[in-house]
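Below you'll find the structure, written out as structure tokens, and then a few comments.
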Amino acid sequence: MQKLFLASESPRRREILKKAGVSFQSYPSKISEFPQETLTLDEQILDIARRKARAALASLKTKVEGGFWILAADTEVIIEGKLAGKPLDAEDAANKLRYLSNRTHEVKTAVVLVSFPELRELSHLETSQVTFRSLSEDEILKYVMSGDPMDKAGGYGIQGEGAKFVREVRGSFDNVVGLPMEIVLKMFEEMEKIEGLQKDEGKQKNELELVQKEIVLKCQACGRDPKTVRIVAVSKLQPIEKINRLYGHGQRIFAENYVQEAIAKKLELKSLDIEWHLIGHLQKKKLNSILGQFDLIHSVDSLDLARNLAKKCGEKNITQKVLIEVNISQEATKDGWVASELREQWADLLKLSGLKITGLMTMPPSTENPEEARVYFRNLRMLRDELRTPAHPLEELSMGTSQDYLVAIEEGATLVRLGQRIFGERLQK
Ligand SMILES: *Cc1c(COP(=O)(O)O)cnc(C)c1O
């Protein structure tokens, strides 16, 4: 959590915050607590809390380096539809207690949380009902003489001597003391969430813009038209909000690995004009659920899969655009054709009506050093050049991820599959 200042001099509030394990500094602000009577009752209380927060802000922002939050609160006892305020004198205190005796009244606390430098403000008004038992004139005078009522809204403090007068509290007890802690903790959480998202959003936008610029520069450097390179935003294990935000920044192609996750996200985002790609290994039993769902499938990785998919597409009378996944590095654990196999089966693949093969895809071994991937990207391009014909130009080369997309572009990539580089870290599967 951010550095927190409590804009209140109430020792009760300090205690509640401390008890909740929140670290903070006290920074009481001096404002007139006179209510703005043109406002509704609730608004009057919120207004006082806001003024406390803003006064503290005005002073703190010149003194503190970096960001911080300010928590301010105002607690009021309501008597006859008005803010009772703190007693003016002993007589007033006694009158307030006489009024509260044998009645139920409301206690309201307005809480305001402000963030700097973002200047976001969250506020909440909490109401509790307090029922007093019947007080004798003796008790009232004795309590007034003790001095306890004088700095307290409504002329009593529920955590001290005043506790004896209370028969029942409905709602938050902390609220009556001066700070409804349950709500305050929720407000901290909400503020953290908002600020976290904002930071993420700023970062996401910057990252996407940066990558776009890098790609343009790289294309210029190697004599390619930047329009021939498209970013495929790999959104697997990333939340919907992040997809929405990248979409807001102009990204249109998104790719998923896992069929179930992909279908769920597609449904949720169906109002957006997204071009969806599938890049994960496809199981035969999932074929029915993906038919007609994806603009491009990058991961057709075996003749068997290609045949099954083609057959289903034929039955549905659709043509599915696909890329052929090549295990160009010939790793034993990897899906996809090794080059020699692909050459042998290429004619069979081309015969499959229902599939439109628009290019090749590969996923080289992951390395720290992007240069090590270059040979694989180059080999994929050379294989493509060998297999292409005017009837099957194989214009797409899907290669390069966050680690090595710039090398992939130098070697001819037309689709770079970027996950964490533009989304930030993803959840673990
Ligand atoms: C996850 C994944 C990516 C994206 O990887 P990043 O390192 O996050 O860019 C690209 N291609 C495939 C096939 C993937 O599974």
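Keep in mind that this is a model prediction, so the values were computed, not measured. The basis for the numbers below is simple: all heavy atoms, side chains too, and nothing from hydrogens, waters or symmetry mates. Remember, it's 1-based here, ligands and their atoms both numbered in the order they're listed.
Salt bridge absent: Glu76 and Lys108 never bring a charged side-chain N and a carboxylate O closer than 4.0 Å.
Side-chain contact check for Ser115 and Glu195: at least one donor-acceptor pair (N or O, by modelled atom type) lies under 3.5 Å.
Below 4.0 Å from some heavy atom of Ile279 lie the following atoms of ligand 1, by number and element: 11 (N), 12 (C), 13 (C), 14 (C). Of all atoms in ligand 1, listed by their number and element, those nearer than 4.0 Å to a heavy atom of Gly419 are 4 (C), 6 (P), 8 (O), 9 (O). Close approach of ligand 1 to Asn257 is summarised as follows: ligand atoms under 4.0 Å from at least one heavy atom of the residue are 14 (C), 15 (O). In summary, the atoms of ligand 1 found under 4.0 Å from a heavy atom of Arg417, numbered by their order in the structure, are 4 (C), 9 (O), 10 (C), 11 (N), 12 (C), 13 (C). Numbered from 1 in the order shown, with element, the atoms of ligand 1 that lie under 4.0 Å from a heavy atom of Gln420 read 6 (P), 8 (O), 9 (O). Using a 4.0 Å cut-off to heavy atoms of Leu418, the atoms of ligand 1 that qualify are 9 (O).
Taking a 4.0 Å cut-off on heavy atoms, Lys236 registers as neighbouring ligand 1. Under a 4.0 Å heavy-atom criterion, His298 is not in contact with ligand 1.
Residue Glu386 qualifies as enclosed at atom CD: its count of foreign heavy atoms under 6.0 Å is above 12. Annotation: Lys266, atom NZ; neighbour count of heavy atoms from other residues, nucleotides and ligands within 6.0 Å is above 12. Annotation: Glu15, atom CD; neighbour count of heavy atoms from other residues, nucleotides and ligands within 6.0 Å does not exceed 12.
Although no hydrogens or angles enter the test, the distance criterion places a donor-acceptor pair under 3.5 Å between the side chain of Asn175 and the main chain of Glu126.
By the criterion of a heavy-atom distance under 4.0 Å, neither the backbone nor the side chain of Arg421 is placed next to ligand 1.
Contact check for Lys52 versus Asp74: side-chain heavy atoms found under the 4.5 Å cut-off.
Atom 5 (O) of ligand 1 has as its closest protein heavy atom Arg426 NH2, 3.8 Å.
Under a cutoff of 6.0 Å and an axis angle of 45°, Arg167 and Phe132 do not form a cation-pi pair.
With Thr401, Val232, Thr362 as candidates, the residue nearest to atom 10 (C) of ligand 1 on a non-hydrogen basis is Thr401.
The aromatic rings of His298 and His277 sit tilted relative to each other, their planes meeting at an angle between 30° and 60°.
Looking at ligand 1, you'll find an N or O of Ser402 within less than 3.5 Å of one of its N or O atoms. At a 3.5 angstrom cut-off on N or O pairs, Met363 does not count as close to ligand 1.
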